[in-house]
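Worksheet: the structure to be examined is printed underneath.
Residue numbers start from 1 in every chain, and the chains themselves are labelled A, B, ... in the order their sequence lines are given, proteins ahead of strands.
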Amino acid sequence: MYKANSYPPRGAEQGLASCHICEKASPISIGVCPRCGAHLHFRKPDSINRTIALMLSAAVLYIPANLLPILTIRELGIPREKTIISGLVEFWQMGSYPIAIVIFSASILIPLLKIIALLWLCGAAKGMIPYSAKMLGKVYWVTELLGRWSMVDIFVVAILVAMVQLGNYMTVTPGPGALAFAGVVILTMLAAMSFDPRLLWDQLEGKTEPDKINSDCE
Amino acid sequence: MDAGSIRTTLTLPRAAHALIHEGTPIVGWGVAVFTILTPLILAGGLVYVCVPLLFGRIAPGGMFVARWISITEPWNMIEVFLLGVLVSLMKLGKLADLHFGMGFWAFAVLMFCMAAAVAAIDKKELWDRLEVAKNHV
Ligand SMILES: [Zn+2]
């Protein structure tokens, strides 16, 4: 195993901060990135608190997102409400297994995994949970990469609402579940963006968060 | 076949418009932002910044545009929308006889090309080149 002092010095120890927009390393003392004009921080400000707050809101919304109807089909005046799960079951019964699996992953599995993964990452970055850096690096990468695909069900609702307006015969209207679900996807994406994976490496090397060193000195 | 392509491309604004008027304006605006606004900013911004860079020059406001490219990049969901189109067509397949025109496939290829173009951009190289061009002027 590595010892804490066997790592090369961090940029932050030399007063260098990497820009969040263009990744240029500049001295923190100049305040603003000379290349693109963004504000400089050693780490994303308030990263863990923001991530946890966004994640918990997403977790709360996840329940109505799956229980409330995402759309209502009115066939010959008779309304039928559909949730994400009932749409999934329909595809499965039709024998469209690949589509059913895609919907299941995008709408149910990915948001849930993202919520668990980001809370786990936050715990690890705070030093409350032991972890392997290699594995958590992968977890972070997957949450960033896959998050957008959860939006697919919202787009399906949008397309169906736009295309199926056949007067009295059949109309489709969006339900409250669609709003909750879009909220879950956007909140988990914002949470993944506000998480700073470098906090994991700080924790692993047994060093404090560089911004904390600063504020403690002031 | 041309009609097929026109109808599919019209679906984007129409889908957002329908949601805005069917009681979920917030979701409608979200769909509009993710499938129309951000891809336009991304594609337009990339052309605006990259073409002058080919000649070692920086477009006026290039740094500002490049910043917006970085910010909007994760919110471009055009390929997710394409998957949504496929799933909807499967759903609608039960109700009506739908057949894919050549236009649909052209639209699909266009979307994948755009997704690939965005993925191919090395942001670090883009910023390095912008900086070199800026210092030359
Ligand atoms: Zn910068």
Side-chain angles (χ1 to χ4, degrees), chain A residues 19-24 33-38 70-73 75 82 87 90-91 94 96 98-100 102-103 106 144 147-166 169-176 178-183 185-186 189-190 192-193, chain B residues 7-8 10-35 62-64 66-71 74-96 98 123-124 126-128 130-131 134-135:
Chain A
C19 173
H20 295 308
I21 300 279
C22 72
E23 300 184 11
K24 185 182 174 68
C33 174
R35 183 152 73 176
C36 73
I70 55 165
L71 51 84
T72 305
I73 300 175
E75 206 169 350
K82 300 274 178 170
E90 222 164 86
F91 271 124
M94 272 165 62
S96 312
I99 296 266
V102 166
I103 301 271
E144 268 226 300
R148 298 151 2 105
W149 290 95
S150 303
M151 218 49 182
V152 68
D153 250 334
I154 297 301
F155 292 146
V156 170
V157 172
I159 294 162
L160 290 181
V161 169
M163 290 183 79
V164 187
Q165 297 298 341
L166 308 173
Y169 176 61
M170 185 181 253
T171 53
V172 175
T173 45
L179 182 60
F181 194 81
V185 179
I186 291 169
M189 282 181 68
L190 287 173
M193 282 176 206
Chain B
R7 219 179 53 195
T8 325
L10 272 178
T11 306
L12 277 162
R14 236 181 64 200
H17 189 257
L19 276 186
I20 291 167
H21 286 269
E22 290 291 337
T24 47
I26 304 170
V27 182
W29 284 114
V31 169
V33 167
F34 297 144
T35 62
M63 289 293 180
F64 178 77
R67 233 178 118 174
W68 270 95
I69 293 173
S70 295
I71 293 169
W75 300 99
N76 163 39
M77 299 194 186
I78 199 102
E79 69 275 28
V80 182
F81 186 81
L82 187 65
L83 179 64
V85 171
L86 281 174
V87 173
S88 320
L89 289 176
M90 292 289 292
K91 266 191 200 232
L92 290 172
K94 290 186 302 181
L95 309 168
L98 284 170
K123 270 198 283 173
K124 282 179 194 161
L126 179 68
W127 280 109
D128 284 342
L130 274 172
E131 193 170 40
K134 189 183 171 191
N135 292 339

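The NE2 atom of A:His20 sits 12.5 Å away from the CD1 atom of B:Ile71 when rounded to the nearest 0.5 Å. From A:Leu190, atom CG reaches atom CH2 of B:Trp75 across 4.0 Å, with rounding to the nearest 0.5 Å.
Judged as a side chain to side chain contact (heavy atoms under 4.5 Å, CB included), and not counting sequence neighbours, the contacts of A:Ile99 are A:Phe91, A:Ser96, A:Ile103, B:Val87, B:Met90.
Of the listed residues B:Ser70, B:Pro74, B:Gly30, the one with more heavy-atom pairs under 4.5 angstrom with chain A than any other is B:Pro74. Per-residue heavy-atom pair counts under 4.5 Å with chain B were compared for A:Pro34, A:Pro176, A:Gly37, and the maximum is reached by A:Gly37. Interface check for chain B: of the options A:Gly183, A:Ala178, A:Ala38, A:Ala182, the most heavy-atom pairs under 4.5 Å are formed by A:Ala38.
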**side-chain contact (heavy atoms from CB on, under 4.5 Å) between A:Glu23 and B:Trp127, worked out** = CA-CA 9 Å; A:Glu23 300 184 11; B:Trp127 280 109; over 6 Å; no
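The contact between B:Met63 and chain A is made entirely by side chain atoms (from C-beta outward), counting heavy-atom distances below 4.5 Å. Proximity to chain A (any heavy atom under 4.5 Å) is restricted, for B:Phe34, to the side chain, taken from C-beta onward.
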Which atom pairs, one a donor and one an acceptor, fall under 3.5 Å between side chains of residues 148-158 of chain A and the rest of the protein, sequence neighbours left out?
from     : atom 1 : to       : atom 2 : distance (Å)
A:Arg148 : NH1    : B:Asn76  : O      : 2.4
A:Arg148 : NH2    : B:Glu79  : OE2    : 2.2
A:Ser150 : OG     : A:Ala106 : O      : 3.1
A:Ser150 : OG     : A:Gly147 : O      : 3.4
A:Asp153 : OD2    : A:Ser107 : OG     : 2.5

